[in-house]
Amino acid sequence: MTAPTLEIHLSDDDLTSALRADARLGLTADPKWLPPKWFYDARGSELFEQITELPEYYPTRTERALLERVVGEIARVAQAEVLVELGAGSAAKTRLLLSALTAEGPLKTYVPQDVSATALRAAADEIAGEFPGLAVHGVVSDFTDTLHNLPGGGRRMIAFLGGTIGNLVPAERAEFLASIYEVLEPGEQLLLGAGLVIDPAVLVPAYDDAAGVTAEFNRNVLHVLNSRLDADFAPEKFEHVALWDAANEWIEMRLAATEDMTVTVRELDLTVRFARGEQLRTEISAKFRLDGLAAELSGAGFSTEQVWTDPDNRFALVLAARD
């Protein structure tokens, strides 16, 4: 077995600088907002893993079941020599792809990307142990602005699963897809996992579970600001809000202040005032229609090769190629 390698383009100092910039920008905006990537410290990642097991939260199990059903077909069409996974995390679903791509023969290298060096190192070691013939080359970076750091060489397929594309607003999605297009060579591919527009009666509870795990996950971003930026948020004084925005076809998660309060973010020398009922947006999760998704990919220069959906049309896997 070849030992996995790790290429680091994002340090803890870089992450802190990005958090400082995002917090200053978002907390001084009207309305206030924060990017969802700051949910994910160790506690946030643990809470999200709990969310994926909840009865209301269908996306993870739906995507996995779909991937299990069509992964052989994906591997046959893709014929990838290099699998790049953006936001790899624990690489749980990736094992399905790695098994299928290895069985097809051409796969030589797996390139997991993530912001957490600790999580990536652990996942890379596990994958190297499970697939001894595979070269594993981890990249620690932020997928939104360091795609140019992804290694080339061999026919690549970039996998971006989990519906994470929905956390980006349309302008961000266009920029992100265009960036992927730029780093790929003609004929190389993108495998995209995306949640589809469904009945809000099913959709909203997935982001507002009865056990309150998602609420705690949502409030975790305030714990992150407290620990990383020496803020004095009282997370228990914020209520979790999840609503369906029919015009934009996305779920919004927000935190609503239950009383008037003043928060100090000492690392930023910033004072933030909240009125009772004022809301802080922490995440959007856009859902898609297949024709709209194809149009966004086409706008970035991709041609859609194949689309797979689950029986209930809740989730899609799209294989697109750079022309």
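Numbers here simply count residues along the sequence, with the first being 1.
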> Just wondering, do Glu172 and Val169 contact through their side chains at under 4.5 Å, heavy atoms?
Replying inline: yes

>> I'd like to know if the side chain of Arg121 reaches the main chain of Thr5, judged simply by a donor and an acceptor atom lying under 3.5 Å from each other, with no hydrogens or angles considered.
In response: no

> Within a reach of under 6.0 Å around CZ of Arg69, are more than 12 heavy atoms found that belong to other residues, nucleotides or ligands?
Replying inline: yes

> Judged by atom type as modelled, is there a donor-acceptor pair below 3.5 Å linking the side chain of Arg276 to the main-chain atoms of Ala256?
Replying inline: no

> Is the charged tip of Arg322 near the ring of Tyr181: under 6.0 Å from the six-membered ring centre and within 45° of its axis?
Replying inline: yes

> Is Val263 close to Leu270 at the side-chain level, that is, under 4.5 Å between some pair of heavy atoms?
Replying inline: no

>> What I want to check is whether the side chains of Tyr57 and Thr52 have a donor and an acceptor closer together than 3.5 Å.
In response: no

> Glu305 and Gln189: side-chain donor and acceptor closer than 3.5 Å?
Replying inline: yes

> Should we count CG of Asp12 as having more than 12 external heavy atoms under 6.0 Å?
Replying inline: no

> Between Glu239 and Thr258, does any side-chain donor sit less than 3.5 Å from a side-chain acceptor?
Replying inline: no

>> For residues Leu6 and Val115: do they belong to one hydrophobic cluster (side chain heavy atoms under 4.5 Å, members Ile, Leu, Val, Met, Phe, Trp, Tyr)?
In response: yes

> Is the shortest distance from a Lys or Arg side-chain nitrogen in Glu252 or Arg281 to a carboxylate oxygen in the other one below 4.0 Å?
Replying inline: yes

> Going from CG on Asp41 to OG on Ser116, what distance comes out if it is rounded to the nearest 0.5 angstrom?
Replying inline: 10.5 Å

>> For the backbone of Asp260 and the side chain of Arg273, can you confirm whether one donor and one acceptor N or O come within less than 3.5 Å of each other?
In response: no

>> I'd like to know whether Thr214 forms a side-chain hydrogen bond (donor to acceptor under 3.5 Å, both in side chains) with Asp209, so could you lay out the CA-CA distance, the side-chain angles of the two residues, the decisive distance to 0.1 Å, and finally the verdict.
In response: CA-CA 6 Å; Thr214 309; Asp209 62 280; 2.5 Å; yes

> Short question: side chain of Thr282, backbone of Met253 - any donor-acceptor pair under 3.5 Å?
Replying inline: yes

> Does the pair Glu249/Arg289 count as a salt bridge with the N-to-O cut at 4.0 Å?
Replying inline: yes

>> Strictly below 4.0 Å, N to O, side chains only: are Glu130 and Arg95 in salt-bridge contact?
In response: yes

>> Check whether Asn167 reaches the backbone of Ile284 with its side chain - one donor and one acceptor, N or O, closer than 3.5 Å.
In response: yes

>> For Trp244 versus Pro200, what's the shortest heavy-atom pair and its separation?
In response: CD1-CG, 3.6 Å

>> For Glu104 and Gln79: C-alpha separation, side-chain torsions, deciding distance, then whether side-chain hydrogen bond (donor to acceptor under 3.5 Å, both in side chains) applies.
In response: CA-CA 7 Å; Glu104 279 295 309; Gln79 292 294 309; 3.1 Å; yes

> When you check the side-chain N and O atoms of Asp310 and Thr62, is any donor under 3.5 Å from an acceptor?
Replying inline: no

> Taking atom types as modelled, is there a side-chain donor on Ser303 or Asp323 under 3.5 Å from an acceptor on the other?
Replying inline: yes

>> Tell me whether Ser99 contacts the main-chain N or O of Leu96 through its side chain, where contact means a donor paired with an acceptor under 3.5 Å.
In response: no

> Is the number of heavy atoms from other residues, nucleotides or ligands within 6.0 Å of NZ (Lys237) greater than 12?
Replying inline: no

> What salt bridge (Lys or Arg N to Asp or Glu O under 4.0 Å) pairs are there with at least one residue in residues 70-83, not counting sequence neighbours?
Replying inline: Glu81-Lys108

>> Side chains of Asp14 and Ser11: any donor to acceptor distance under 3.5 Å?
In response: yes

>> If we ignore hydrogens and angles and just use 3.5 Å, is the side chain of Gln50 paired with the main-chain N or O of Leu47 as donor and acceptor?
In response: no

> Closest approach of Met157 and Ala80, non-hydrogen atoms and distance?
Replying inline: CB-CB, 3.9 Å

> Any sub-3.5 Å donor-acceptor pair from Arg156's side-chain atoms to Leu190's backbone N or O?
Replying inline: no

> So, Asp245 side chain and Trp250 main chain: donor-acceptor pair closer than 3.5 Å or not?
Replying inline: no

>> Taking Glu267's backbone N and O only, do any of them form a donor-acceptor pair with Arg20's side chain (distance below 3.5 Å, no angle check)?
In response: yes

